[in-house]
Structure formats: C-alpha cells, structure tokens
Amino acid sequence: MKTFKIAILVGSLRKESFNKKIAKALIELAPENLSLEIIEIGNLALYNEDLEQELPIEWQQFRTAIKAVDGVLFVTPEYNRSVPAVLKNAVDVGSRPYGKNNWDGKPGAIISVTPGLLGAFGANHHLRQALVFVNVPVMAQPEAYISQVGNLLDENGKLTSDSTRDFLVKFLNAYAVWVERNAG
Ligand code: FNR
C-alpha cells in the first residue's frame, strides 16, 4: 500500500491555537496510507514580487516542501469572515515564480475551526476560491466546519468529543480516497 505524504498548513501562528490542536489531532487520527506533517508558514516573508530576484531561503524551503508532498490539508481559523493573511501569504508564495506553481494538481481539503458558532465558513470558502486558481482540486464532501471548538478539547489540547473524533476520522478517510484518486 502506497503511503501519501500530506502537508498540513495551519492558518494560525498562536502558541495555544485551537487550529494547531485540531491539526495535531488529525495527525493521530490519520489512516495508515496518509502521513501528515505540519509545514510552518509563519517564517515566510510577505509576498513581494521583487524578492523573486533575491529569493528568501524560507520561500525556497517552503516551495521545495510543497513540491515534495502528494496533497495539502488546510486547517484554518477565520479572520473577519475571510482567510488569515498568513495563510493567504503561504498560498501566494507557493504559487510562484510565474509558471512554476508548486500547488499544481495536489489534492486538497479544508477544515475550518472557530470558537464561534458559524464554523469559519467565510474562511473555508474564500480559501477554496484561491485554491481553484492554483489548481488544487479541493475535496467537496464532506465539508468540515468545526464550531465552538473550545468545548471540544481538554486542557492538554486533546479531543474530548467522541462525535468530533468520529467525524474527523470519516473526513480523513474520505480525503485518503480523494488523494488516491487525484494524486500524481
Ligand atoms: C477573529 N475571530 C473570528 N472568528 C470567527 O469565527 N469569525 C471571524 O470572522 C473572526 N474574526 C477574527 C478576526 C481577528 C483579527 C481575530 C484575531 C480573531 C476569532 C477567532 O476565531 C479566534 O481568535 C480563534 O481562536 C483563532 O484561531 P486559533 O488561533 O485559536 O487557531
């Protein structure tokens, strides 16, 4: 059985980020044929096309890392009903230089996470819009909007909700099928 390498991109830099905690739970819940790893995005300079002439080492490393994976899983909060700038920046950095889009064809999926009630729907769907342009086939179903996340984790950041754990396992199994169908 082939194991697929999947990058997890987390749209929050906060030390105690709920999204990071969910990302870590996903690593533990992943099926055998998915190997999940968080790729850091907080060290990427803000996108500036001038920098293509004097490439920051972090951009190079990030592009190489994205190029090397079979798929990309986004776990993101919502900022003002949209995608946090740090995550959009990572999408932009990965999409260049012109003609060398590192996201091209990598099967993707999105989980949006919020302590609020609306599942960070706005971030989830704004991210889909950008991913269409960089040619990431994003899994349509199941959709994943995790609301009231503060009630789903204990003080060590571990999932306490059986129904959320079951849902995430179902989501990851569907994503594994999506990756098998669309990778490479
Ligand atoms: C937020 N938050 C938020 N939540 C939400 O559900 N919809 C929103 O539009 C916003 N907008 C927003 C803007 C800004 C600038 C901040 C800092 C926060 C609240 C957000 O969901 C909350 O801070 C989460 O805890 C962020 O995710 P992490 O850092 O816990 O992963």
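Just so you know, these numbers use all the heavy atoms, side chains as well, and skip hydrogens, waters and symmetry mates. Residue indices begin at 1 and follow the sequence shown. Keep in mind the model is a prediction, meaning the values are calculated, not measured. Numbering of ligands and ligand atoms starts at 1, following listing order.
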Aromatic plane relationship, Tyr47 with Trp59 - under 30° parallel, 30 to 60° tilted, over 60° perpendicular: parallel
His125, Arg128, Glu143, Met139 screened by side chain to side chain contact (heavy atoms under 4.5 Å, CB included) with Ile110, the one that passes: Arg128
Starting from the N and O atoms of ligand 1, find every protein N or O within less than 3.5 Å and list the pair with its distance.
unit_1: ligand 1; atom_1: 6 (O); unit_2: Thr114; atom_2: OG1; d: 2.8
unit_1: ligand 1; atom_1: 7 (N); unit_2: Glu78; atom_2: OE1; d: 2.6
unit_1: ligand 1; atom_1: 7 (N); unit_2: Arg81; atom_2: NH1; d: 3.1
unit_1: ligand 1; atom_1: 9 (O); unit_2: Glu78; atom_2: OE1; d: 3.3
unit_1: ligand 1; atom_1: 9 (O); unit_2: Asn80; atom_2: N; d: 3.1
unit_1: ligand 1; atom_1: 9 (O); unit_2: Arg81; atom_2: N; d: 2.8
unit_1: ligand 1; atom_1: 9 (O); unit_2: Arg81; atom_2: NH1; d: 3.3
unit_1: ligand 1; atom_1: 11 (N); unit_2: Glu78; atom_2: O; d: 3.4
unit_1: ligand 1; atom_1: 11 (N); unit_2: Asn80; atom_2: N; d: 2.9
unit_1: ligand 1; atom_1: 27 (O); unit_2: Asn19; atom_2: ND2; d: 3.4
unit_1: ligand 1; atom_1: 29 (O); unit_2: Ser12; atom_2: OG; d: 2.7
unit_1: ligand 1; atom_1: 29 (O); unit_2: Arg14; atom_2: NE; d: 2.9
unit_1: ligand 1; atom_1: 30 (O); unit_2: Arg14; atom_2: NE; d: 3.4
unit_1: ligand 1; atom_1: 30 (O); unit_2: Arg14; atom_2: NH2; d: 2.7
unit_1: ligand 1; atom_1: 30 (O); unit_2: Phe18; atom_2: N; d: 2.9
unit_1: ligand 1; atom_1: 31 (O); unit_2: Ser17; atom_2: OG; d: 2.6
unit_1: ligand 1; atom_1: 31 (O); unit_2: Phe18; atom_2: N; d: 3.3
unit_1: ligand 1; atom_1: 31 (O); unit_2: Asn19; atom_2: N; d: 3.0
unit_1: ligand 1; atom_1: 31 (O); unit_2: Asn19; atom_2: ND2; d: 2.7

Leu153 side chain near Leu159 side chain, heavy-atom distance below 4.5 Å: yes
Residue pairs involving residues 8-28 (criterion salt bridge (Lys or Arg N to Asp or Glu O under 4.0 Å); sequence neighbours excluded): Glu16-Lys21, Glu28-Lys158
Salt bridge (Lys or Arg N to Asp or Glu O under 4.0 Å) contacts touching residues 78-89 (sequence neighbours left out): Glu78-Arg81, Lys88-Asp92
By salt bridge (charged side-chain N to carboxylate O under 4.0 Å, His left out) - contacts of Asp162 (at least two apart): Arg165
